Amino acid sequence: MFSSRLRAGTGRNRLALALEARRKAGLPIVDLTLSNPTRAGFAYPPALLTPLAQKRALGYEPAPFGLPEARQAVANDFARRGVAMLPERIVLTASTSEAYSLLFKLLCDPGDVVLTPRPSYPLVEHLTDLDAVSVLPYGLEFHGAWSIDAGGMREAVARANAERRRVRAIVLVSPNNPTGSVVKPSEAQAVAALAREHDLALIVDEVFVDYPLEKEDACLFPAVDALTFSLGGLSKTVGLPQVKLGWIGVGGPATLVQDAMSRLETISDTYLSVSTPVQVAAADLLREGAVIRAQIHERVRGNLGRLKAVAALHPACSLLSPEGGWYAVAQVPAIESEEAMVLGLLERAGILVHPGYFFDFEREAFLVISLLPEPGIFQSAIERLFGEIGRS
Ligand SMILES: Cc1ncc(COP(=O)(O)O)c(C=O)c1O
């Protein structure tokens with residue numbers, strides 16, 4: 001009766017079951033997987049969401065790409081980061097996840113292939129599944145710093161072509177979740193050259209672009225000569241995932257951009273999924289939300305410093321230093337499986353971390369640590385975590 005887009009056997013994993021049991025037993029949990037900024041103790045201005053209730057929001061003026069003022073507000077936000085993006089090239093969506101879905105509909109027939117980074121966060125594969133798109137991974141490698149396995153990416157395209165599968169797009173997540181790796185300008189140019197060679201589009205997920213952890217402008221993706229879709233949204237840019245506004249900025253050769261926009265118009269017009277209140281409020285939310293962005297930025301930078309200091313006391317462990325984003329990855333001795341390790345940490349210390357295999361790390365043992373928790377909680381949790389790992 002049902003489609004095969006939802007994978008069979010997507011039951012709950014052992015960590016989810018252990019977590020549920022611990023919650024039921026009323027035992028404490030320190031969540032080092034936290035990704036929800038609204039639960040991280042930031043001081044949201046009480047009137048931040050007042051613009052959603054403007055009188056204008058009572059009227060409905062359907063516009064496939066979004067209301068002009070909202071698209072202008074997003075263009076201004078690109079400009080804040082030093083990126084020139086015309087409002088006419090901006091498509092509003094309800095979220096970044098939805099933006100992916102619109103792009104898969106634009107670019108892919110069922111069974112077509114998109115290249116995705118590995119390790120990366122699992123949401124992309126759920127999104128491709130739901131649009132009946134296949135993924136071929138390309139590697140991100142860590143040799144003191146993260147880089148794209150460019151040869152592997154090329155081989156993946158060649159392999160797919162040899163198998164007569166059509167590759168349509170390359171997904172780049174920069175900064176990536178969870179590695180915190182940023183696509184370097186030279187890598188962006190090399191990927192764009194591959195895209196031009198094979199008529200591929202680039203889907204550049206930049207939701208964490210506002211959170212550089214090393215150099216201030218390190219996260220900016222350069223303009224390249226290939227059809228490029230830049231994805232972002234309020235959920236990370238101003239810490240408002242519940243408000244539901246994302247966007248696609250379309251760049252690259254003018255004729256391709258035009259073709260893409262006219263097709264995207266049909267897709268967006270079919271759903272018209274972005275609410276009017278969020279569109280009339282977009283300019284205010286992007287402007288006033290800067291205070292949340294600043295708090296998040298200070299938090300993740302501070303917690304990364306704390307993590308570096310604690311990790312330095314445990315020479316058997318090493319941090320794969322992130323260049324941007326909200327997460328850090330620690331490599332720890334693989335004396336037991338990642339699954340046993342994270343279950344043990346939860347049971348013995350009440351600390352919840354994600355194992356590397358959730359994100360398709362090629363080997364063990366890696367732990368993914370969120371940098372969002374409140375500093376006091378974070379500090380004691382990482383001290384305990386590294387202490388526990390040292391003991392096992
Ligand atoms: C890299 C990345 N892209 C996109 C998303 C989804 O963002 P949104 O809430 O706008 O759908 C997430 C969510 O955590 C993410 O980590």
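All ligand and atom numbering here is 1-based and tracks the order in the structure. Just so we're clear, the structure is a prediction, and the values are computed from it rather than from any experiment.
Hydrophobic clustering (ILVMFWY, side-chain heavy atoms < 4.5 Å, transitive): I29 and L15 are in one cluster.
Under a 4.0 Å heavy-atom criterion, K236 is in contact with ligand 1. Taking a 4.0 Å cut-off on heavy atoms, G233 fails to register as neighbouring ligand 1.
When only modelled atom types and interatomic distance are considered, D131 and Y100 share no side-chain donor-acceptor pair under 3.5 Å.
By the criterion of a heavy-atom distance under 4.0 Å, the side chain of V207, and not its backbone, is placed next to ligand 1.
Salt bridge status for E125 with R118: absent, with no side-chain N to carboxylate O gap under 4.0 Å. A salt bridge links D210 with R80: at least one charged nitrogen is closer than 4.0 Å to a carboxylate oxygen. Ion pair R14/E347 not flagged as a salt bridge, since none of the NZ, NE, NH1 or NH2 atoms sits closer than 4.0 Å to an Asp/Glu carboxylate oxygen.
Of all protein heavy atoms, the one lying nearest to atom 3 (N) of ligand 1 is D205 OD2, 2.6 Å. For atom 6 (C) of ligand 1, the nearest non-hydrogen atom of the protein is S97 OG, 3.7 Å. For atom 10 (O) of ligand 1, the closest heavy atom belonging to the protein is T96 OG1, 2.6 Å. Scanning the protein heavy atoms around atom 4 (C) of ligand 1, the nearest turns out to be Y121 OH, 3.0 Å. The protein heavy-atom contact nearest to atom 16 (O) of ligand 1 is N177 ND2, 2.9 Å. The protein heavy-atom contact nearest to atom 9 (O) of ligand 1 is S235 OG, 3.1 Å.
The contact set between ligand 1 and V173, taken as ligand atoms under 4.0 Å from a residue heavy atom, comprises 1 (C). Under a 4.0 Å criterion applied to the non-hydrogen atoms of F208, ligand 1 contributes the atoms 1 (C), 16 (O).
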Notebook entry, point to check: Does the pair E98 and S273 meet the rule for a side chain to side chain donor-acceptor pair (under 3.5 Å), with working shown?
Noted result: CA-CA 9 Å; E98 193 195 48; S273 56; 2.6 Å; yes
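Using a distance-only test at 3.5 Å, with no hydrogens or angles considered, no donor-acceptor pair links the side chain of Y327 to the main chain of N176.
I203 pairs with exactly one of L107, I170, T228, L172 by the side-chain contact (heavy atoms from CB on, under 4.5 Å) rule, that one being L107.
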